[in-house]
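One structure is given below, encoded as structure tokens.
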Amino acid sequence: MINTQDIMETITMIQEENLDIRTITMGISLIDCADSDIDKSCEKIYDKIYRYAKDLVSTGEKIEKKYGIPIVNKRISVTPISMLVGVSGGDPVKYAKTLDRVAKDVGVNFIGGFSALVQKGFSAGDRELIEAIPRALAETDLVCSSVNIGSTKAGINMDAVKIMGETVCKASELTKDKQCIGAAKLVVFCNAVEDNPFMAGAFHGVGEADCVLSVGVSGPGVVRSVLSKMPDTASMNEVAETIKKTAFKITRMGQLVGTEAAEMLGVQFGIIDLSLAPTPAVGDSVAHILEEVGLQQCGAHGTTAALAMLNDAVKKGGVMASSSVGGLSGAFIPVSEDAGMIDAARKGVLSLEKLEAMTAVCSVGLDMIVIPGDTDPAIVSAIIADEAAIGMVNSKTTAVRVIPAIGLKEGEELDFGGLLGYGPVMPVRRQSPAKMINRGGRIPAPLQSLKN
């Protein structure tokens with residue numbers, strides 16, 4: 001049981017330091033919705049999601065009013081749709097439109113799971129779904145997509161890497177009149193987790209229960225505020241301890257919301273994902289935390305070390321506060337969603353290469369990075385391969401969400417609005433990796449995979 005007194009000291013954090021529940025995400029299994037008739041399968045999907053999620057938004061609003069805790073997003077994740085396509089055949093976009101319709105009818109912000117898991121090869125439905133991703137994202141508003149192309153156990157599927165570079169570019173091209181939003185709703189993973197509540201990469205893993213409610217908590221502004229009150233002479237271990245204690249308090253708040261929401265909805269409680277997920281709002285930046293630690297600007301030498309300390313301290317604090325910490329828990333570094341990252345990228349202090357180094361020690365990877373619209377798809381594939389290699393060798397989740405800004409060049413800006421923010425078009429290295437990408441095949445699993 002959780003005593004509400006445990007979270008009372010967070011009131012100031014909520015009112016003044018941008019602390020919020022970033023999302024409550026309902027994960028729903030669609031395995032029992034598979035049907036050889038795609039239209040019947042879509043009917044089953046709509047009915048099941050609506051049955052479980054019809055009260056999700058109103059429940060979140062009730063909890064917001066009861067405790068005064070902002071719940072910014074209410075979302076749904078579902079079983080990877082490629083599994084259903086493998087049974088039914090037909091045009092996968094029908095599934096995307098069904099997901100979009102039911103998401104709008106229940107009132108959630110996003111629905112994730114137009115996904116495929118192809119780390120070791122393609123099974124029935126995988127290629128068809130991946131080929132349909134650009135159209136699906138262009139013809140829907142709330143659907144998010146992800147593809148897992150590698151893992152520590154399986155290695156990296158380079159055929160899938162090549163296809164995904166092309167898919168990212170097509171998704172941008174088909175939504176060029178909507179700020180290339182298609183690519184912003186598409187994540188390419190290595191070591192994807194099954195219980196991630198954050199979009200755009202959320203899907204409901206096949207090992208999960210039929211329906212679970214997971215919570216994503218975020219509080220970069222809180223951590224920065226606490227650090228700003230520490231003396232400059234405080235040691236790094238003192239800084240880490242302070243972050244850990246702060247993460248503990250934030251997690252307790254998320255635990256309260258998650259368990260109560262699950263109980264009200266009559267579903268199983270899943271996990272708390274304590275990820276410091278920034279927004280473009282002033283005072284809600286992971287980059288500014290790193291600068292509070294002691295860097296002149298995020299991207300300077302020392303950034304990776306500071307981020308490693310931050311990520312570890314957040315996880316330690318979360319684990320102390322809840323036995324159900326999962327998802328991606330740590331620190332996100334999405335450029336367009338973080339005011340400090342945007343400023344550092346504008347000034348050229350933060351480069352794609354530095355961001356890649358930082359992803360070795362943070363929650364996910366190269367996230368919400370805007371690149372020139374004329375970038376060769378082979379270069380996008382190579383960026384995906386580099387990031388997947390970091391995840392594969394280090395047994396961690398990594399991901400790529402880059403947005404080729406059609407019609408824009410280096411130094412110009414793309415503005416998505418809302419939580420997705422805005423960002424400068426960052427330079428990429430133009431030397432061609434096409435020969436390597438076109439080889440296809442699979443990069444074998446590393447020695448670290450032999451753990452049994």
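The model shown is predicted, which means the values in this text are computed figures rather than measured ones.
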Any heavy-atom pair between the side chains of [Y] and [X] that's under 4.5 Å?
| X | Y | result |
| --- | --- | --- |
| Cys42 | Tyr95 | yes |
| Gln268 | Glu208 | no |
| Pro427 | Leu352 | no |
| Val147 | Thr167 | no |
| Asp273 | Ser214 | no |
| Asp105 | Tyr46 | yes |
| Ile45 | Val102 | no |

inquiry  = Against Leu310, only a single residue in Val239, Ile243, Leu227 fulfils side chain to side chain contact (heavy atoms under 4.5 Å, CB included); can you say which?
reply    =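 One option only clears the test, and that one is Ile243.
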Gap separating the [atom1] atom of [X] from the [atom2] atom of [Y], nearest 0.5 angstrom:
| X | Y | atom1 | atom2 | answer |
| --- | --- | --- | --- | --- |
| Gln297 | Lys347 | CD | NZ | 4.5 Å |
| Ile38 | Lys94 | CD1 | NZ | 5.5 Å |
| Leu265 | Lys54 | CG | NZ | 9.0 Å |
| Asn191 | Lys396 | CG | NZ | 9.0 Å |
| Ile342 | Glu337 | CD1 | CD | 9.0 Å |
| Asn237 | Met309 | CG | CE | 10.0 Å |

- Item | More than 12 heavy atoms of other groups within 6.0 Å of Lys245 NZ |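 Result for NZ/Lys245: open.
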Please test Ile69 against Val257 for side chain to side chain contact (heavy atoms under 4.5 Å, CB included), starting from the C-alpha separation and ending with a verdict.
-> CA-CA 9 Å; Ile69 300 170; Val257 169; 4.0 Å; yes
Tell me, please, which residues at least two apart from Glu263 pass salt bridge (Lys or Arg N to Asp or Glu O under 4.0 Å).
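Glu263: no salt bridge (Lys or Arg N to Asp or Glu O under 4.0 Å) contacts found.
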#### Entry: Ion pair Lys74/Glu61, N-O distance below 4.0 Å
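Salt bridge between Lys74 and Glu61, a charged N being under 4.0 Å from a carboxylate O: no.
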(message) Check Glu173 with Lys176, please: is the shortest side-chain N to carboxylate O separation under 4.0 Å?
(response)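 The answer is yes: the pair qualifies as a salt bridge.
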Between the side chains of Ser285 and Asp338, does any donor sit under 3.5 Å from an acceptor?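 Yes, because at least one side-chain N or O of Ser285 sits under 3.5 Å from a partner of the opposite role on Asp338.
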- Item | Shortest non-hydrogen separation from Ala405 to Val425 and the atoms involved |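 Of all heavy-atom pairs spanning Ala405 and Val425, the closest is CB-CG2, 4.3 Å.
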Side-chain donor-acceptor pairs of residues 383-395 under 3.5 Å, sequence neighbours excluded:
| from | atom 1 | to | atom 2 | distance (Å) |
| --- | --- | --- | --- | --- |
| Glu387 | OE1 | Thr359 | OG1 | 3.2 |
| Glu387 | OE2 | Thr359 | OG1 | 2.7 |
| Asn394 | ND2 | Ile390 | O | 2.8 |

Fill in: Counterpart residues, side-chain contact (heavy atoms from CB on, under 4.5 Å), relative to Arg51 (two or more places apart)
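Arg51 satisfies side-chain contact (heavy atoms from CB on, under 4.5 Å) with Lys48 only.
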